[in-house]
Amino acid sequence: MSQYWSAVVRGLTPYVPGEQPKIADLIKLNTNENPYPPSPQAMAAMASAVNDALRLYPDPNADGLKSAIADFHGLKPAQVFVGNGSDEVLAFVFQGLLQHERPILFPDITYSFYPVYCGLYGVEFTKVALDESFRIRVADYAQPNGGVILPNPNAPTGCLLSLAEIETLLKANMASVVVIDEAYVDFGGESAAALVDRYPNLLVVQTLSKSRSLAGMRVGYALGHPELIDGLERIKNSFNSYPLDRVAQAGATAAMQDRAYFDQTRQAVIASRERLNGQLAALGFEVLPSAANFVFARHPARDAAQLAAALRERKIIVRHFKTARIDQFLRITIGTDEQCEALVTALKGILSA
Ligand SMILES: *Cc1c(COP(=O)(O)O)cnc(C)c1O
């Protein structure tokens with residue numbers, strides 16, 4: 001605490017990201033990064049973007065990237081907003097589309113950045129409890145609100161809502177913005193991008209960090225009615241005119257265009273997840289049904305914090321949240337088959353000790 005801090009800074013409770021340890025030969029299954037490298041075409045595009053033109057500012061509107069994203073989703077560039085990671089896009093969403101008279105709604109167990117943005121922008125919120133099996137019940141969101149935000153699939157549970165359930169949610173909330181955070185949708189869900197043309201209250205947020213292996217480049221985007229997009233542009237142009245640098249724009253554009261590599265790597269992650277599910281179940285874990293690139297699992301006889309610590313001693317890191325209701329779960333990112341195999345071997349050793 002410093003005397004020079006503003007009242008706003010004094011009042012903040014910042015988000016705590018998963019650890020990025022600087023230890024060699026660690027199996028890192030704690031922050032849902034993709035185990036596969038970015039598309040070779042994206043890497044070539046980024047390499048060739050490192051040239052004399054870096055002395056010039058990038059395209060402030062990232063038109064090339066917006067077109068590539070629009071093409072991928074069958075939408076128009078005016079329905080696309082891009083930002084420096086979807087976390088930045090979400091920050092603009094909280095300030096620009098979710099800050100109203102009434103509290104916004106989000107699940108009690110969800111992405112822990114949401115309450116942090118509420119704190120930053122003074123947005124009131126009401127948490128809506130997941131059901132007994134850790135699922136979102138969309139009927140619970142049919143109540144007066146200043147907006148709704150939820151990840152689909154949800155984080156950190158991995159549980160998926162169908163497109164029909166999303167549509168029910170949209171119809172029940174025509175007077176407020178419904179934000180669907182699809183950070184993990186490419187690993188088994190159906191994107192609500194297909195509903196953007198029909199629902200002016202829908203904003204879909206996606207990221208290139210997970211399914212396109214570009215967490216290090218920080219690119220995310222939102223899809224919605226041009227008026228919602230325009231609201232976000234107004235904030236962006238009052239905050240930072242050039243959030244995406246030249247290298248990021250080049251790499252992200254190529255990554256969106258390389259559909260073959262995208263499909264190949266996400267299918268590989270899905271196949272590994274299904275294998276790991278079976279192996280964890282065989283070890284006695286209860287694994288929630290996941291449509292993401294991670295699984296959320298608990299062992300009836302072992303304390304989750306102790307399991308995480310024992311894995312760490314074996315140089316494998318997973319995520320454990322000291323949060324009510326989920327403090328006996330581990331969130332395990334899907335690695336390569338080799339990494340998953342090492343995890344299963346380590347768990348066998350720990351459980352038999
Ligand atoms: C990873 C994640 C994000 C943030 O992704 P970035 O684009 O890397 O900022 C947003 N929402 C959820 C639910 C996530 O898990």
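Just follow the structure's listing: the first ligand is 1, and inside any ligand the first atom is 1. Residue numbers count from 1 along this sequence. These numbers come from the heavy atoms of this one structure, side chains and all, not from hydrogens, waters or symmetry mates.
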_With I180, the side chain to side chain contact (heavy atoms under 4.5 Å, CB included) member among L169, L170, V185, L223_ = L169

*Tracing side-chain links under 4.5 Å among I, L, V, M, F, W and Y, which residues wind up in one group with L56?*
none

*Can you run down the side chain to side chain donor-acceptor pair (under 3.5 Å) pairs that involve residues 80-98, sequence neighbours left out, and say none if there aren't any?*
D87-Y111

*Name all residues meeting the salt bridge (Lys or Arg N to Asp or Glu O under 4.0 Å) criterion together with D263; count only those two or more places apart in sequence or in a different chain, and write none if there are none.*
R266

*Side-chain donor-acceptor contact under 3.5 Å, D197 with Q79*: yes

*In terms of side-chain heavy atoms, does S162 have a donor or acceptor partner in E165 at a distance below 3.5 Å?*
yes

Could you go through ligand 1 and list every pair where one of its N or O atoms sits under 3.5 Å from a protein N or O, giving the atom names and the distance to one decimal?
residue	atom	partner	partner atom	Å
ligand 1	5 (O)	S86	OG	3.0
ligand 1	7 (O)	S86	N	2.6
ligand 1	7 (O)	S86	OG	2.9
ligand 1	7 (O)	T207	OG1	2.5
ligand 1	7 (O)	S209	OG	3.3
ligand 1	8 (O)	S209	OG	2.6
ligand 1	8 (O)	R218	NH1	2.7
ligand 1	8 (O)	R218	NH2	3.4
ligand 1	9 (O)	S86	N	3.3
ligand 1	9 (O)	D87	N	3.0
ligand 1	9 (O)	D87	OD2	3.2
ligand 1	9 (O)	R218	NH2	2.8
ligand 1	11 (N)	D181	OD1	3.3
ligand 1	11 (N)	D181	OD2	2.7
ligand 1	15 (O)	Y184	OH	2.5
ligand 1	15 (O)	K210	NZ	3.0

